[in-house]
Amino acid sequence: MVRVYPGALRRLQDFVSIEALKNTHADHIVQAAVSKLRLMNHELYELAETFSSGGQIVKERRLEPDENPVKIQLLWPRVAGHIMDNAHRTHYHFFLRKKEVNRKAGAWFECSSPNPIDSFLSTFLQQPSSREYPDLCNLPDLNERTLLTNLQQRFTSGHIYTYVGSILIAVNPFKFFPIYNPKYVKMYQNRRLGELPPHIFALADTAYHSMLSERTNQCIVITGESGSGKTESTNLLLHHLSELSQKGYYATGLEQGILGAGPVLEAFGNAKTVHNNNSSRFGKFIQVNYKENGSVYGAIVEKYLLEKSRIVSQAINER
Ligand SMILES: Nc1ncnc2c1ncn2[C@@H]1O[C@H](COP(=O)(O)OP(=O)(O)OP(=O)(O)O)[C@@H](O)[C@H]1O
């Protein structure tokens, strides 16, 4: 079996497996892969042998049409992958690439280091559903151990979000991931839940479009222990909702007003605790009101259960 990775040609497909013999030519494998990936005209494509380290392709070589990928594959050194961490793991792969006239086949060339945001996007989009389960409902054996192992494996690969049907689990990374920029806002617009890898924007998008199509109120409940990321998640949801509503004809600065209210409330109602440097010491219910055309016309924030007792006494190391 020869695994052919489509990379940027088919973002949501990890690889296709092609049955081949030792003397099968590269162009035959290209033909089979192109047909499995439902791409047009196999003559536009060729195979590239790539060498990657720590998840980045560092060099690659275009194969001549009459080379034998199976023989090449047998020469690749075997790596004891399980004892190395991701950052040091090296791999050889076959990628399907568009032919480039000025690219000489047969020679290795160094790949220029990609923009970190774009390279993160490609790792983000490659979440193979057969290994890591982006939706826990698809786990073949669902119990507490498999569920936690899957969440941990996804987290180690940098995937902090996981679905359980229409519920989203977010594991707080306590570090910034470049997955909230306008590229992601755009990518998640008008997509079915589950069509793309799990993301908080997908929830906001589903709620917004369900509101418009079903003409009923939508509700998102965010829950978790202190420091788990509820406030950040709320802000991300509001951010996406405000981006969506700005497509309305009568968009105003209201969206900015709603987003801007957060820090003011936090200034009064947040405090440092041992669990979280910026812990919300109150609960809140945010209601965003829309016009029929999908633009925002106002919002109401209701606060409840403010922890007033900390005004007169706080635990050690708290404020
Ligand atoms: N998606 C995220 N990406 C990166 N960092 C995050 C993310 N979510 C949360 N964090 C980090 O975790 C910290 C705690 O998150 P947050 O204040 O949202 O928790 P919380 O659940 O609202 O806590 P509390 O219940 O105490 O108010 C944030 O200050 C931020 O540093």
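We count ligands from 1, going down the list as the structure has it; atoms in each ligand are counted the same way. What you are looking at is a predicted structure, and each value in this text was computed from that prediction instead of being measured.
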_Single hit among K99, R97, R62 for side chain to side chain donor-acceptor pair (under 3.5 Å) with E46_ = R62
*Are Y92 and L75 in one and the same hydrophobic cluster, where Ile, Leu, Val, Met, Phe, Trp and Tyr link if side-chain heavy atoms are under 4.5 Å apart?*
no
*Same cluster or not: are F174 and F176 linked, directly or through other Ile, Leu, Val, Met, Phe, Trp or Tyr residues, by side-chain heavy atoms under 4.5 angstrom apart?*
no
Measure the acute angle between the ring planes of [X] and [Y], then classify it against the limits of 30° and 60° as parallel, tilted or perpendicular.
| X | Y | answer |
| --- | --- | --- |
| Y208 | Y290 | perpendicular |
| F15 | Y5 | tilted |
| H199 | Y188 | tilted |
| F201 | H239 | tilted |

*How far apart are the C-alpha atoms of F124 and Y184, what are their side-chain angles, what is the distance that settles it, and do they pass the ring pair (Phe, Tyr, Trp, His ring centres under 6.0 Å) test?*
CA-CA 11 Å; F124 178 82; Y184 287 77; 5.3 Å; yes
_Distance alone, cut at 3.5 Å: any donor-acceptor contact between the side chains of S157 and E132?_
yes
Just jot down the ligand 1 atoms closer than 4.0 angstrom to any heavy atom of [X], in number order.
| X | result |
| --- | --- |
| S279 | 24 (P), 26 (O), 27 (O) |
| E225 | 21 (O) |
| N278 | 17 (O) |
| G227 | 14 (C), 19 (O), 20 (P), 21 (O), 23 (O), 24 (P), 25 (O), 26 (O) |

Checking a contact table here: which protein heavy atom is nearest [atom], and how many Å away?
| atom | value |
| --- | --- |
| atom 17 (O) of ligand 1 | N276 ND2, 3.0 Å |
| atom 25 (O) of ligand 1 | K230 NZ, 2.7 Å |
| atom 31 (O) of ligand 1 | F174 CD2, 4.5 Å |
| atom 19 (O) of ligand 1 | G229 N, 3.1 Å |
| atom 29 (O) of ligand 1 | E232 OE2, 4.0 Å |
| atom 22 (O) of ligand 1 | T231 OG1, 2.6 Å |
| atom 3 (N) of ligand 1 | P173 CG, 3.6 Å |

Which part of [X] is near ligand 1, with near meaning a heavy atom under 4.0 Å away: side chain, backbone, both or neither?
| X | value |
| --- | --- |
| S233 | neither |
| Y180 | side chain |
| K175 | backbone |

_Contact between ligand 1 and G224 is defined here as a heavy atom of the residue under 4.0 Å from a ligand atom; is it met?_
no
*Check whether any heavy atom of F177 sits under 4.0 Å from an atom of ligand 1.*
no
*Is the backbone of G224 close enough, under 3.5 Å, to the side chain of K230 for a donor and an acceptor to pair up by distance?*
yes
*S280 N/O under 3.5 Å from ligand 1 N/O*: yes
*Give me the one residue out of T231, N270, T273 that meets side-chain contact (heavy atoms from CB on, under 4.5 Å) with S279.*
T273
_Within-cutoff protein neighbour (heavy atom, under 4.0 Å) for atom 27 (O) of ligand 1_ = yes
_Regarding atom 12 (O) of ligand 1: of the candidates I179, N172, T273, which has the closest heavy atom?_
N172
*Would you call E318 and R281 a salt bridge, taking side-chain N to carboxylate O under 4.0 Å as the test?*
no
